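Have a look at the structure below before the remarks.
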Amino acid sequence: MTSRAADPAPTTPTTATPAASPRPSRGGPTARRITGAVWAALAIVYVVWGSTYLGIRVVVETMPPFLSAGARFVVAGLLLAALLAWRKGPGVLKVGRPQLASAAVVGLLLLVGGNGLVVLAETSVPSGLAALLVAVVPAWVVLLRTAFGERPGAGAYTGVLLGLAGLAVLTLPGLSGEVRIGGVLTVVVASLLWSAGSFSASRIPMPANPFSASAYEMVAGGLGCVLVGLARGEQHGLDLTGFSARSWTAFGYLVLFGSLLAFTAYAWLLQTAPLSLVATYAYVNPVVAVALGALILGEAVTWPIALGGAVVVAGVCLIVSTERRN
């Protein structure tokens with residue numbers, strides 16, 4: 001998980017990847033043209049964010065989960081802050097205390113509770129299965145919106161039922177002993193916390209500049225992951241020379257491509273393309289993740305993963321398409 005999973009609400013999308021998701025502009029649909037650049041940016045979001053689950057799986061082959069995740073987000077957050085200061089001037093990073101506190105809370109929910117737990121789970125859960133379990137996030141967001149008085153509509157609720165049914169099927173590999181049930185449940189908890197962070201970001205005072213908000217979220221969430229890693233004792237016996245070149249390569253890929261390139265493409269899309277088109281990444285990413293896991297890591301695509309994944313993707317597709325019509 002490298003970005004905030006899409007909140008199907010048409011006016012407040014939040015993000016499925018660990019950087020903050022900027023709010024879309026409110027220009028009408030006639031102001032947004034689907035150009036070749038739009039398709040190129042969308043392809044980046046599809047492939048890069050879908051591949052981050054594979055990258056995480058490779059990182060944790062030799063790197064400790066929370067410490068590696070913490071280092072990734074701190075580095076990415078500082079790089080983003082430096083780029084912002086260089087392009088816009090240091091003033092772009094100036095925010096009030098309430099906004100800074102809100103960004104820190106959202107960062108902790110998204111990156112410690114959400115992404116950090118996914119990284120931990122991928123030490124025992126295949127990357128494709130993790131991506132499909134995370135794909136149900138839009139359904140959790142619909143339920144959170146309902147709890148706070150919104151009524152997304154019958155189509156959205158049907159999508160939620162489909163998503164939860166698919167989630168039930170996806171837990172079968174854990175119940176049957178094919179993977180560790182603890183890892184499966186960890187991803188489910190991560191998706192709930194990710195949903196809470198995504199939902200909160202649209203309802204508390206966040207920094208006005210979405211890129212600045214993302215930088216603060218990544219630094220706060222990264223530091224939180226480091227603290228959790230230290231509390232778990234991941235520093236004991238830590239030997240940097242023991243990390244494989246394969247894990248280092250995946251780590252660099254997650255920092256530069258997963259956290260910076262894809263997020264920038266996503267932010268640009270929100271300002272340029274129809275939201276209904278941008279939101280399709282929520283059900284394309286897990287398909288990409290499953291395909292890459294099977295092709296590169298040889299992960300088995302069992303019938304519960306194939307069936308449950310198809311049901312989850314169908315549910316998310318229904319939620320997104322329903323919200324698009326509202």
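Quick caveat: nothing in here was measured; it's all calculated off a predicted structure.
Connectivity analysis of hydrophobic side chains (ILVMFWY, heavy atoms under 4.5 Å, direct or indirect) links W86 to L83.
Within a 6.0 Å radius of OH in Y253, more than 12 heavy atoms belonging to other residues, nucleotides or ligands are found.
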Inset, instruction - Given side chain to side chain contact (heavy atoms under 4.5 Å, CB included), test S259 with F263 step by step and report yes or no. - result: CA-CA 6 Å; S259 295; F263 170 71; over 6 Å; no
Inset, instruction - Apply the test side chain to side chain contact (heavy atoms under 4.5 Å, CB included) to residues F243 and L238: give CA-CA distance (whole Å), side-chain angles for both, the deciding distance (0.1 Å), then the verdict. - result: CA-CA 9 Å; F243 299 160; L238 189 66; 3.6 Å; yes
Inset, instruction - Apply side chain to side chain contact (heavy atoms under 4.5 Å, CB included) to I44 and W268, showing your working. - result: CA-CA 12 Å; I44 290 173; W268 180 79; over 6 Å; no
Inset, instruction - Determine, step by step, whether T146 and R151 satisfy the side chain to side chain contact (heavy atoms under 4.5 Å, CB included) criterion, reporting the C-alpha distance in whole Å, the side-chain angles of both residues, the deciding distance to 0.1 Å, and the verdict. - result: CA-CA 6 Å; T146 300; R151 294 294 178 265; 3.8 Å; yes
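Side chain of R57 to backbone of V125: a donor-acceptor contact under 3.5 angstrom is found. T123 contributes a side-chain N or O that, together with a main-chain N or O of L120, makes up a donor-acceptor pair within less than 3.5 Å. Side chain of T158 to main chain of A154: a donor-acceptor pair is present (N/O by atom type, distance under 3.5 Å, no hydrogens or angles). A donor-acceptor distance shorter than 3.5 angstrom exists from the side chain of E299 to the backbone of S127, with no hydrogens or angles considered. Using modelled atom types, one side-chain atom of T62 and one backbone atom of S244 make a donor-acceptor pair closer than 3.5 Å.
Ring planes of W49 and Y266: tilted class, angle from 30 to 60°. Taking the six-membered ring where tryptophan is involved, the planes of W248 and F251 are perpendicular, since the angle between them exceeds 60° and thus also 30°.
The shortest heavy-atom contact between V59 and A250 is CG2-CB, 3.6 Å.
Just one of L129, L295, V301 meets the side chain to side chain contact (heavy atoms under 4.5 Å, CB included) condition when paired with V290; it is V301.
Atom CD in Q99 sits 10.0 Å away from atom CD1 in I204 (nearest 0.5 Å). In this structure, OG on S191 lies 12.0 Å from CG on L132, to the nearest 0.5 angstrom. To the nearest 0.5 Å, the span separating CD1 on I181 from OG1 on T186 amounts to 9.5 Å. How far CZ of F199 is from CD of E150: 6.0 Å, rounded to the nearest 0.5 Å. Of the inter-residue distances, the one linking L254 atom CG with S51 atom OG reads 7.5 Å to the nearest 0.5 angstrom. Note that CD of E122 is 12.0 Å distant from CG of L117, once rounded to the nearest 0.5 Å.
Hydrophobic clustering (side-chain heavy atoms under 4.5 Å, transitive across Ile, Leu, Val, Met, Phe, Trp, Tyr) groups Y283 together with L167.
Scanning for side-chain contact (heavy atoms from CB on, under 4.5 Å) contacts around L93 gives A81, L84, A85, S212, Y216, with sequence neighbours left out.
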